[in-house]
Trainee: 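What follows is a structure written as structure tokens; I'll ask about it next.
The model shown is predicted, which means the values in this text are computed figures rather than measured ones.
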Amino acid sequence: MSTDAPASAMDHRSAVSAEAPPGRRLGLAVIVIATAQLMVVLDATITNIALPSIQTDLDVSASNLAWVVNAYALAFGGLLLLGGRAGDLYGRRRMFQIGIATFTVASLLGGLAQNEALLIGARILQGIGAAISAPSALSLIATNFPEGKPRNRAMGVYAAMAGLGSTVGLLIGGVLTDYLDWRWVFFVNIPIGAAVLVGTKILAEGERNTGRLDVPGAITGTGGLIALVYAITRGGEDGRTDSLTLGFFAAAAVLLFLFVAQQMRTTHPMMPLRLFKDRNRAGAYASMLFVGVGMFATFYFLTLYMQQILGYSPVKTGLAYLPFSVGMGAAAGISSRLISRPTPRQIAGPGLAVGAAGMLWFATLEPGASYVTHLMPAMFVTAVGLGLTFVPMTLGAVSGVRDQDSGIASALLNSSQQVGGALGLAVLSTISTSAANDQLPNAAGTLYRALAMKDFGLVAKAGDALTHGYTTAFVVATVFFIGALLITLFAINAGKQEQGESVPAAHVG
């Protein structure tokens, strides 16, 4: 936290105008920032379709396979707050460059990994790089784009990349896995990361603040989240009364308690609790936490459903997500153009209602469901709902924030989504597995054995059980969307001018 008084809105606007790229370079600036955001978010899902190939090639156990996804999400979400503060203290462009470089090197290591330990380690390093670069990317929008339409357009592109990256990752992951090798889902980041690093030369650095990093907060907060996710995952496999499971639950409770207590008394907190005093901002964070559950559930369970139950190839699975990309992009564009007119909840509220309807549609899937009449329209509806939600939530999270807290404010939004997704996926996976195994013990293992033996009667029985598990998870995910809707309707009540052009540049993260 800075010990200096915040600059006035007028002084800061003058500084932005002096440092920001000239008009003809604004397009290049948004391309650099948006491409970095796309790469970082894309990597959260690009490995999903490649997971069966990774499991076979590296002989990864079923329980450890999930950590190829969760290791990235937890490192990303758990350290975003530290990354946001580092950008505030040491320079947002500098930390953006360090984060992208770390992410690119980690991608190389992931592609070269020869065992599951090295791969999971590379995924953690990727998450660290993403945690450093992502909050600085959002803050650089305020530094490089003048308030009003230019900044709103740039924010709209940024928010669209945040949503589209997940879907594009599934498409690219399928193509690379089918036609090249699973290792290319990591190698593809290397040229993109190098290009972004070259492009950062046109970005303005912006102001720095004084203070220090809250390393104890990072350790207790991230450690608590990892312990909690591991406890939930292990509890689903070995039972909630397993001694090690209970030990990790206890460790998570202690670490998270210490994290909150430390944030309350430290002079330089990683997560300033004062940020939650604003009702609109707190509502945006809580809503995004629940939305993260729905997003992770959609990609994870739909991918398993399409490959295990419908027999889709990785490429076909990736292509099947195209309606999601179209719906997300179109809705995000509409939302960014409307944001200065109605209030944020008048956009995000209907968006979450539409998203919940799409999630409930997924809950009606059957083993022989048609792609054209069932999967495709349900994907499009869900994507439209999410696309309408991201822009107002993003603006709601960073509006009215003092300059020294801008990095943290933006990091909290991304962190909410990643942490919500990781925790939600751990819970929903446990629920899905339990529901499937109630109908057929070890349903997933039975499916693979039945396919190997060509026992199609048993294949059908296992498919019924797994589909029941997936649809049960979608029902619970629908409840999370409804929760996000209720939070939005009752907590987010800012007027349109509070989120639009009247917000001073110094107060946007």
Trainee: Could you state the interatomic distance from CD1 (Ile128) to OG (Ser133), rounded to the nearest 0.5 Å?
Mentor: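 Answer for the CD1-OG pair, Ile128 versus Ser133, is 12.0 Å.
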Trainee: Contact between Leu228 and Phe248 at the side-chain level, heavy atoms closer than 4.5 Å - yes or no?
Mentor: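 Heavy-atom side-chain distance check fails, nothing below 4.5 Å.
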Trainee: Go through it in stages, so that I can follow the logic: the residues are Thr446 and Lys461, the test is side-chain contact (heavy atoms from CB on, under 4.5 Å), and I'd like the CA-CA distance, side-chain angles, deciding distance and then a yes or no.
Mentor: CA-CA 9 Å; Thr446 300; Lys461 190 174 182 181; over 6 Å; no
Trainee: Determine yes or no for a side-chain-to-main-chain donor-acceptor pair under 3.5 angstrom, with Asn189 supplying the side chain and Ser107 the backbone.
Mentor: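 A pair under 3.5 Å: no.
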Trainee: Side chains of residues 256-263: which donor-acceptor pairs under 3.5 Å do they make with residues two or more places apart or in other chains?
Mentor:
| unit_1 | atom_1 | unit_2 | atom_2 | d |
| --- | --- | --- | --- | --- |
| Gln262 | NE2 | Asp214 | OD1 | 3.0 |
| Gln263 | OE1 | Met270 | N | 2.9 |
| Gln263 | OE1 | Met271 | N | 2.7 |
| Gln263 | NE2 | Asp214 | OD2 | 2.6 |

Trainee: Do you know the tightest heavy-atom contact between Val293 and Gly420?
Mentor: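 Smallest interatomic distance, heavy atoms only, reads CG2-O, 3.2 Å.
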Trainee: Just so I know, are the side chains of Leu365 and Tyr470 near enough to count as touching, which here means a heavy-atom distance under 4.5 Å?
Mentor: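 Leu365 does not reach Tyr470 side chain to side chain.
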Trainee: Determine whether Ile49 and Val185 satisfy the following criterion, side-chain contact (heavy atoms from CB on, under 4.5 Å), listing intermediate values before the conclusion.
Mentor: CA-CA 10 Å; Ile49 290 180; Val185 303; over 6 Å; no
Trainee: Can you tell me how far CG of Leu255 sits from CD1 of Ile219, rounded to the nearest 0.5 angstrom?
Mentor: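 With rounding to 0.5 Å, CD1 (Ile219) is 10.0 Å from CG (Leu255).
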Trainee: Check whether any side-chain heavy atom of Leu319 sits under 4.5 Å from a side-chain heavy atom of Tyr312, and report yes or no.
Mentor: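 No - every pair of side-chain heavy atoms lies 4.5 Å or more apart.
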Trainee: Check whether any side-chain heavy atom of Val381 lies under 4.5 Å from a side-chain heavy atom of Phe362, and answer yes or no.
Mentor: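 No; the side chains remain at least 4.5 Å from each other.
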Trainee: Between the side chains of Glu366 and Thr467, does any donor sit under 3.5 Å from an acceptor?
Mentor: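 Thr467 and Glu366 do not have a side-chain donor-acceptor pair below 3.5 Å.
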Trainee: Which word best sums up how the rings of Phe480 and Phe290 line up, parallel for under 30°, tilted for 30 to 60°, or perpendicular for over 60°?
Mentor: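 Rings of Phe480 and Phe290: perpendicular, as their planes differ by over 60°.
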Trainee: Between Ala71 and Arg123, which heavy-atom pair has the shortest distance, and what is it?
Mentor: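 The answer is CB-CB, 4.2 Å.
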Trainee: Tell me, do Met39 and Ile100 make a side-chain contact under 4.5 Å, heavy atoms counted?
Mentor: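 A side-chain contact exists here, since the closest heavy-atom pair is under 4.5 Å.
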Trainee: Closest heavy-atom contact between Met306 and Thr317?
Mentor: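 Distance-wise, the nearest heavy atoms are CE-CG2, 3.7 Å.
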Trainee: Using only atom types and a distance under 3.5 Å, with no angle test, would you say the side chain of Thr364 pairs donor to acceptor with the backbone of Trp361?
Mentor: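 Checking the backbone N and O of Trp361 against the side chain of Thr364, a donor-acceptor pair under 3.5 Å is found.
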Trainee: Using only atom types and a distance under 3.5 Å, with no angle test, would you say the side chain of Thr488 pairs donor to acceptor with the backbone of Ala484?
Mentor: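 Flag set: sc Thr488 to bb Ala484 pair under 3.5 Å.
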Trainee: Counting distance only, does the side-chain N/O of Ser432 pair as donor-acceptor with the main-chain N or O of Leu428 below 3.5 Å?
Mentor: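 Such a contact is absent between Ser432 side chain and Leu428 backbone.
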Trainee: Evaluate the ring planes of Phe103 and Tyr72, with Trp represented by its six-membered ring, and classify them as parallel (under 30°), tilted (30 to 60°) or perpendicular (over 60°).
Mentor: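 Perpendicular: the ring planes of Phe103 and Tyr72 meet at over 60°.
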Trainee: His468 side chain to Asn437 main-chain N or O, any donor-acceptor pair under 3.5 Å?
Mentor: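 Judged by distance alone, no pair lies under 3.5 Å.
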Trainee: Do Tyr371 and Leu310 touch side chain to side chain, with heavy atoms closer than 4.5 Å?
Mentor: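 Tyr371 vs Leu310: side chains apart.
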Trainee: Starting from the C-alpha separation in whole Å, work towards a yes-or-no answer on side-chain contact (heavy atoms from CB on, under 4.5 Å) for Leu352 and Ile487.
Mentor: CA-CA 10 Å; Leu352 288 168; Ile487 292 171; over 6 Å; no
Trainee: Give, for atom CZ of Phe249 and atom CG of Leu246, the distance between the pair rounded to the nearest 0.5 Å.
Mentor: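 Between atom CZ of Phe249 and atom CG of Leu246 there are 8.0 Å.
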Trainee: Go through it in stages, so that I can follow the logic: the residues are Met288 and Val291, the test is side-chain contact (heavy atoms from CB on, under 4.5 Å), and I'd like the CA-CA distance, side-chain angles, deciding distance and then a yes or no.
Mentor: CA-CA 5 Å; Met288 192 57 74; Val291 168; 4.2 Å; yes
Trainee: Considering all heavy atoms of both residues, which atom of Ala462 and which atom of Ala443 are nearest to each other, and what is their separation?
Mentor: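 Heavy atoms only, the tightest pair is CB-O, 3.9 Å.
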Trainee: How long is the straight-line distance from OG1 of Thr177 back to CH2 of Trp182, given to the nearest 0.5 Å?
Mentor: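 Trp182 CH2 to Thr177 OG1: 10.0 Å, rounded to 0.5 Å.
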Trainee: Looking only at non-hydrogen atoms, find the nearest pair between Ala131 and Ala75 and report the distance.
Mentor: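 Residues Ala131 and Ala75, closest heavy atoms: CB-O, 4.0 Å.
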Trainee: Is any side-chain heavy atom of Tyr321 closer than 4.5 Å to a side-chain heavy atom of Thr303?
Mentor: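 Yes, side chains in contact.
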Trainee: Nearest 0.5 Å, what's the CG-CG distance between Leu74 and Leu423?
Mentor: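 Taking CG in Leu74 and CG in Leu423, the distance rounds to 7.0 Å.
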Trainee: When rounded to the nearest 0.5 angstrom, what distance separates CG in Leu119 from OG1 in Thr47?
Mentor: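 These two atoms lie 8.5 Å from each other.
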Trainee: Taking Tyr300 for its side chain and Leu425 for its backbone only, find out whether a donor-acceptor pair lies under 3.5 Å.
Mentor: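 It does not hold such a pair.
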Trainee: Determine the interplanar angle of the Phe301 and Phe474 rings, folded into 0 to 90°, and report it as parallel if under 30°, tilted if 30 to 60°, perpendicular if over 60°.
Mentor: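 Phe301 vs Phe474 ring planes: perpendicular.
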Trainee: Between Leu440 and Ala465, what is the shortest heavy-atom contact and its length?
Mentor: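 Scanning both residues, the minimum pair turns out to be CB-CB, 3.8 Å.
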